[in-house]
Amino acid sequence: MLKPLFMVWALFIFALPTYADTEYPAQKVVYHINYGDNSRISATFTNISNHIQAVGESNIDLRAVIHGQAIEYFMDAKADSDKQITLDTLRLSGARFIICGNTLDGYNISRSDLYEVEASDVVQAGLPEIVRLQQQGYSYVRP
């Protein structure tokens, strides 16, 4: 009598879904960030960090296209160590930030006015870059 009861109990326990056992397939994703609200940007960066952790750094190709008012976060980060730490941590986790050249022109700044932006991080236009990435199989995310 106890053996069948134990078997039912064991099947029930092992059949329960566990989040730790979830395995995600390899992902290519592009985050669209063009808003100036720092709390929304911080929430988006938390989403990005959680996304990378869930999928695994070696299992994700994550790009974040930065244009419009979001460029101000990168401008402010030149003098803000908390923002620098946030950006550095995300970059070390594999996130790549892509900067819109049209936004740089609109703000009358260069990439040197931004925190840790290389020439290879700048594209001519943010929105066409998002479309190009989608055409290459990247999933679009706009938190």
Side-chain angles (χ1 to χ4, degrees), residues 4-143:
L5 185 59
F6 176 75
M7 299 265 302
V8 169
W9 177 80
L11 284 173
F12 176 74
I13 294 297
F14 291 112
L16 288 176
T18 60
Y19 295 113
D21 290 339
T22 303
E23 289 188 34
Y24 295 102
Q27 296 182 8
K28 298 187 328 182
V29 61
V30 56
Y31 277 74
H32 180 184
I33 307 171
N34 72 334
Y35 31 86
D37 178 5
N38 278 331
S39 64
R40 186 172 176 195
I41 291 174
S42 293
T44 298
F45 288 165
T46 298
N47 291 156
I48 289 172
S49 178
N50 291 342
H51 195 153
I52 292 169
Q53 280 185 335
V55 176
E57 289 180 25
S58 62
N59 215 19
I60 191 167
D61 182 354
L62 191 144
R63 316 280 175 99
V65 175
I66 308 298
H67 69 105
Q69 291 180 331
I71 202 74
E72 294 171 16
Y73 188 95
F74 287 75
M75 293 166 63
D76 295 344
K78 289 273 290 188
D80 185 329
S81 62
D82 289 337
K83 288 180 179 178
Q84 291 173 7
I85 290 168
T86 297
L87 293 171
D88 290 345
T89 300
L90 289 171
R91 285 178 174 130
L92 287 171
S93 296
R96 179 170 173 221
F97 295 102
I98 299 172
I99 306 299
C100 174
N102 288 338
T103 299
L104 295 178
D105 292 344
Y107 274 75
N108 198 28
I109 59 173
S110 70
R111 69 180 177 82
S112 64
D113 295 309
L114 308 176
Y115 177 70
E116 297 293 319
V117 172
E118 302 296 324
S120 60
D121 298 327
V122 179
V123 296
Q124 180 181 349
L127 291 175
E129 180 66 10
I130 289 170
V131 172
R132 186 185 75 77
L133 290 169
Q134 287 178 296
Q135 290 169 334
Q136 292 180 357
Y138 286 75
S139 297
Y140 174 85
V141 178
R142 178 158 170 89

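Note that these values count all heavy atoms, side chains included, but never hydrogens, waters or copies made by symmetry.
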Exercise. Looking at residues at least two apart in the chain, or sitting in another chain, which of them share a side-chain hydrogen bond (donor to acceptor under 3.5 Å, both in side chains) with Ser110?
Worked result: Ser112
Exercise. Within a reach of under 6.0 Å around CG of Asn108, are more than 12 heavy atoms found that belong to other residues, nucleotides or ligands?
Worked result: no
Exercise. ring-ring contact (aromatic ring centres under 6.0 Å, His included) with Tyr140: which residues, sequence neighbours excluded?
Worked result: His32
Problem set entry | Of all pairs that satisfy salt bridge (charged side-chain N to carboxylate O under 4.0 Å, His left out), the ones with a partner from residues 132-143, not counting sequence neighbours | Glu129-Arg132
For this session: Name all residues meeting the side chain to side chain contact (heavy atoms under 4.5 Å, CB included) criterion together with Ser93; count only those two or more places apart in sequence or in a different chain, and write none if there are none.
Result: Ile52, Glu57
Problem set entry | Listed partners of Asp37 passing side-chain hydrogen bond (donor to acceptor under 3.5 Å, both in side chains), at least two apart | Ser39
Exercise. With sequence neighbours excluded, what pairs up with Arg91 under the side chain to side chain contact (heavy atoms under 4.5 Å, CB included) test?
Worked result: Phe74, Leu87, Asp88, Phe97, Tyr115, Glu116, Val117
Exercise. Closest heavy-atom contact between Tyr24 and Asn59?
Worked result: O-ND2, 3.0 Å
Seminar exercise, completed: Sequence neighbours excluded, the answer for side chain to side chain contact (heavy atoms under 4.5 Å, CB included) partners of Pro128 is Ala125
Exercise. Which heavy atom in Met75 sits nearest to a heavy atom in Leu114, and how many Å separate them?
Worked result: CG-CD2, 3.4 Å
Seminar exercise, completed: Sequence neighbours excluded, the answer for side-chain hydrogen bond (donor to acceptor under 3.5 Å, both in side chains) partners of Tyr31 is His51
Exercise. Among all residues two or more places apart in sequence or in another chain, which pass the side chain to side chain contact (heavy atoms under 4.5 Å, CB included) test with Asp82?
Worked result: Asp80
Seminar exercise, completed: Residue pairs meeting side-chain hydrogen bond (donor to acceptor under 3.5 Å, both in side chains), one or both in residues 95-107, sequence neighbours left out, come to Glu72-Tyr107
